[in-house]
Amino acid sequence: MKIATWNVNSLKIRIEQVMDWLASSQCDILCLQETKLTDENFPADVIKAAGYHVAYSGQKTYNGVAIIAKQPISNVVTDVPGLDDPQRRIMCATVGDIRVLDLYVVNGKEVGTDKYHYKLNWLEKVTDYIADQQQQHENFVVVGDFNIAPEDRDVHNPVSWTDKILCSKPERDALQKIVDLGFTEVFREFDQPEKSFSWWDYRSGGFEKNMGLRIDLILTTEAMTKQCTSCVVDTEPRKLERPSDHAPVVAEFG
DNA sequence: ATGGTGGCGCGGCCA
C-alpha cells in the first residue's frame with residue numbers, strides 16, 4: 001500500500017503527468033497540492049475514468065488540494081476548525097482504514113512579513129486539528145508540502161539558507177511541535193542518499209545542480225510507522241519536460 | 001543578485 005504527496009504546481013498543466021505517474025507508481029493514495037483549479041474546472045472525469053476515486057478543494061489561480069485513491073474516499077474535511085481562511089490548503093479524508101491529512105502549508109515569502117506570521121498562525125491552528133484527528137484515528141498520516149526543511153541536511157546550502165524562509169527556527173519549531181504529538185517523519189526512518197531533496201527552484205537550473213530543499217514530508221502515527229517499509233523521493237517526474245518544481249514523495253506500508 | 005524561471009492570465013502576484 002503506497003501513499004504519496006506531490007505538489008503539482010497546476011493540475012491543468014500536469015494532469016497527464018499525474019495520470020502517467022499513478023499508473024507507473026501503482027500508488028494507492030495520492031495527495032496533491034497547488035492544483036490551482038476551481039472545483040468546477042477540476043478534471044474529475046479523467047481521474048474517475050481511470051478507475052480512481054477523487055476529492056478536491058480548489059480555488060482560482062492559487063493553492064488547491066486533492067486526494068486521489070483506489071478505494072472510496074469519505075468524511076472529507078476542507079477547513080481547519082477555528083481558522084476562518086478562504087485559502088484552499090487542507091483536505092482530511094478517510095480511505096479504507098486510514099485517516100489522511102493533505103496539507104499545502106503556507107510558503108511565508110520572507111521571515112518577518114505578514115505572510116510569515118500568517119504561516120506560523122496557520123501552523124498553530126493546524127497543529128490543534130492534527131492533535132484532534134490523532135486522538136480519533138490510530139492509523140493517521142499527515143502529508144504534504146510543508147514548506148519547511150526540517151534540518152540542515154535537507155538543504156543544499158544550509159549556510160546561505162540560515163534563518164531564511166523555509167528554514168527559520170520558528171518554522172522548524174512549529175514542525176517539531178507536530179512531530180512531538182507522536183509522529184515520525186518517516187523519510188528519515190530509512191537509509192537515504194545524501195542531498196535528498198523534493199523541491200528545486202525553476203530558476204538557475206536548480207534541479208540540474210541538485211540545489212534543492214526537502215520540504216515535502218510524510219508524518220506517521222506509531223501504528224503506521226510500524227507498518228512502513230520504505231519512503232523515497234521519486235525524482236523521475238522532475239526530469240520530464242515542463243515538470244512541477246516538486247517531486248513526489250512515496251511511503252510504502254506492508 | 002531588488003535577479004534568476006514558471007503558472008496564471010494578460011499586469012502583476014505568487015512561489
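In this text, all values refer to a predicted model and were calculated from it rather than measured experimentally.
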| note | Regarding the side chain of A:Arg203, the nearest nucleotide among B:dG7, B:dC8, B:dG4 is B:dG4
| query | Tell me: CG of A:Asn63 to P of B:dC13, nearest whole Å? | reply | 17 Å
| task | Indicate yes or no: does A:Arg88 engage A:Asp79 in a salt bridge with an N to O separation below 4.0 Å. | result | yes
| Nearest-Å distance for atom pair CZ/C1', residues A:Arg242 and B:dC8 | 11 Å
| request: Report the distance from atom CG of A:Asn9 to atom P of B:dC14, rounded to the nearest whole Å. | output: 15 Å
| What's the OH-P distance between A:Tyr62 and B:dC8, to the nearest Å? | 11 Å
| task | Let me know the distance between CD of A:Gln59 and P of B:dC8, rounded to the nearest Å. | result | 14 Å
| query | Should the heavy atoms of other residues, nucleotides or ligands under 6.0 Å from CD of A:Glu222 be counted, would the total exceed 12? | reply | no
| said: If I pick the C1' atom on B:dG9 and the same atom on B:dC14, what distance separates them, to the nearest angstrom? | reply: 13 Å
| Which is true for A:Tyr104 with a 4.0 Å heavy-atom rule: it touches a base, it touches only sugar-phosphate, or it touches nothing? | sugar-phosphate
| task | Return the value, rounded to whole Å, for the distance between atom CD of A:Glu34 and atom P of B:dG6. | result | 15 Å
| query | Counting only N and O atoms by type, is there a donor-acceptor contact under 3.5 Å from the side chain of A:Glu171 to the main-chain atoms of A:Leu166? | reply | yes
| Taking atom P of B:dG3 as reference, at what distance in whole Å does atom CD of A:Glu110 sit? | 13 Å
| said: Taking the minimum atom-to-atom distance to the side chain of A:Thr61, which one of B:dA15, B:dG7, B:dG9 wins? | reply: B:dG9
| When rounded to the nearest Å, what value does the distance between P atoms of B:dA1 and B:dG12 take? | 27 Å
| Looking at A:Lys36, does any N or O in its side chain come under 4.0 Å of the phosphate oxygens OP1/OP2 on B:dG9? | no
| message | Assuming nearest nucleotide by heavy-atom distance, tell me which of A:Ile13 and A:Lys109 is located more 5' along DNA chain B. | response | A:Ile13
| task | Can you tell me the distance, in whole Å, between the CD atom of A:Gln17 and the P atom of B:dG7? | result | 10 Å
| task | State whether a side-chain donor-acceptor pair under 3.5 Å links A:Thr220 with A:Thr225. | result | yes
Tell me which donor-acceptor pairs under 3.5 Å the side chains of residues 196-206 of chain A have, and how far apart each pair is, sequence neighbours excluded?
unit_1, atom_1, unit_2, atom_2, d
A:Ser196, OG, A:Pro193, O, 2.8
A:Ser198, OG, A:Ile215, N, 3.1
A:Ser198, OG, A:Asp216, N, 3.1
A:Ser198, OG, A:Asp216, OD2, 2.6
A:Trp199, NE1, A:Asp245, OD2, 3.2
A:Trp200, NE1, A:Asn210, OD1, 2.9
A:Asp201, OD1, A:Arg203, N, 2.9
A:Asp201, OD1, A:Arg203, NE, 2.9
A:Asp201, OD2, A:Arg203, NE, 3.3
A:Asp201, OD2, A:Arg203, NH2, 3.0
A:Tyr202, OH, A:Asn9, ND2, 3.0
A:Tyr202, OH, A:Pro243, O, 2.8
A:Tyr202, OH, A:Asp245, N, 3.1

| request: Please figure out whether A:Asp145 or A:Ser204 has its closest DNA chain B nucleotide nearer the 5' end. | output: A:Ser204
